[in-house]
2 protein chains.
Amino acid sequence: MYICLMYSSELIKGTLKTIVLTLLKEQGRMYGYELTQKVRDMTDGKIQITEGALYPTLHALEKSGDLETEKEFIGKRVRKYYKVTMQGSATVKERVNEFADFVKTMQFLLDIGPETGNAI
Amino acid sequence: MYICLMYSSELIKGTLKTIVLTLLKEQGRMYGYELTQKVRDMTDGKIQITEGALYPTLHALEKSGDLETEKEFIGKRVRKYYKVTMQGSATVKERVNEFADFVKTMQFLLDIGPETGNAI
DNA sequence: CAAATATACATAAGAAACTTATGTATTAAA
DNA sequence: TTTAATACATAAGTTTCTTATGTATATTTG
């Protein structure tokens, strides 16, 4: 079985919003830094979300109405918790379904099985 | 089951080279325009490779040594056939394996099954 | 047979989504 | 007490696409 330490940035491109929205929906609420840690831990470091990519994305998702924030003070430090709005909840479903469909199409195109991932 | 007419361009981003290399390896040799048609047909139009994206990609893959070309004249019209080099053949394997691995990680992250694609 | 469409290549400007670098500030660990 | 971790943010640069444009031949259709 093939194992790689870290995916090429090309591959991850376009999936950041889907990942963030899904995790926030599952976890209830999280803050930015927490998200980077969670994704790194869940993927054994294979997906590492950089802060330079994450924060602008979170801001965009808030602006589009898919996320909303609650500020909280931990000592003197501000922490911004994000959670999925009702609109965002629908967006998550769409995005996850689209991704699942896309994977099927790609598996057909690349001639790889769904479970085994057996390459040529 | 979820079906969409066309994937958002975000999702497809980063998979173009993998698709092109895989099809060329399977089919032996193809020319650019043929590739766009093949992908469109195989995916029922859900993935539509634009020529503006394809030709620069083919040129890059030739430059990197993964593809080589043969020019052929169909009447007065030039047709450039591409085929995978020995180096390219290894690249295909790597890329397909990486994609398969990536899909597994994403299915875990998004909490979707491998076959059913059952969303929340 | 003329006009529209399909075939077949190519490039260039602009947009989108990242990476890398930098900045600020607090808190915990060595 | 200095380093690392936590926690936010933005800005410049890169990659990779979209959209637009260009050229030319071949085929279909009205």
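Chain A is the first sequence line, chain B the second, and so forth, proteins listed ahead of strands; every chain is numbered from 1.
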Mind listing the closest non-hydrogen atom pair of B/A53 and B/P56 along with its distance? O-CD, 3.6 Å

Side-chain donor-acceptor pair present, B/S8, A/E98, cut-off under 3.5 Å: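 Side chains of B/S8 and A/E98: pair found under 3.5 Å.
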
Once you round it to whole Å, what is the distance between P of D/dA9 and NZ of A/K63? 15 Å

Atom-to-atom span, CD1 of B/I47 to P of D/dT18 - whole angstrom: 11 Å

With a 4.5 Å heavy-atom cut-off, do A/L35 and A/L23 have their side chains touching?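 Yes, at least one pair of side-chain atoms sits under 4.5 Å.
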
Looking at side-chain heavy atoms only, is the closest gap between B/L54 and B/T50 below 4.5 Å? no

So if I take [range] and measure heavy-atom distances to DNA chain D, which residues fall below 4.0 Å?
range                     : result
residues 67-74 of chain A : none
residues 27-46 of chain B : none
residues 49-62 of chain B : B/T50, B/G52, B/A53
residues 5-17 of chain B  : B/S9, B/K13, B/G14, B/L16

What residues form a side-chain contact (heavy atoms from CB on, under 4.5 Å) with [X], not counting sequence neighbours?
X     : value
A/Q48 : A/M6, A/R40
B/T69 : B/E62, B/K80, B/Y82
B/S9  : none
B/T43 : A/T105, A/L109, B/V39, B/K46, B/I47

Taking atom types as they are modelled, would you say the side chain of A/R77 forms a donor-acceptor pair with the base of C/dT27 within the 3.5 Å cutoff?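 No pair found.
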
With sequence neighbours excluded, tell me which residues meet salt bridge (Lys or Arg N to Asp or Glu O under 4.0 Å) with A/R95. B/E10

Taking salt bridge (Lys or Arg N to Asp or Glu O under 4.0 Å) as the definition, give me every residue that meets it alongside B/R29, ordered by chain and number, with sequence neighbours left out.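 By the salt bridge (Lys or Arg N to Asp or Glu O under 4.0 Å) rule, B/R29 matches B/E70, B/E72.
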
Through direct or indirect side-chain contacts below 4.5 angstrom among Ile, Leu, Val, Met, Phe, Trp and Tyr, which residues connect to A/F73?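 ILVMFWY cluster around A/F73 also holds A/V78.
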
Shared hydrophobic cluster, A/F108 / B/I112 (ILVMFWY, side-chain heavy atoms < 4.5 Å): yes

Pairs where residues 2-53 of chain A contributes a residue and the test ring-ring contact (aromatic ring centres under 6.0 Å, His included) is met, not counting sequence neighbours: A/Y7-B/F102, A/Y31-A/Y81

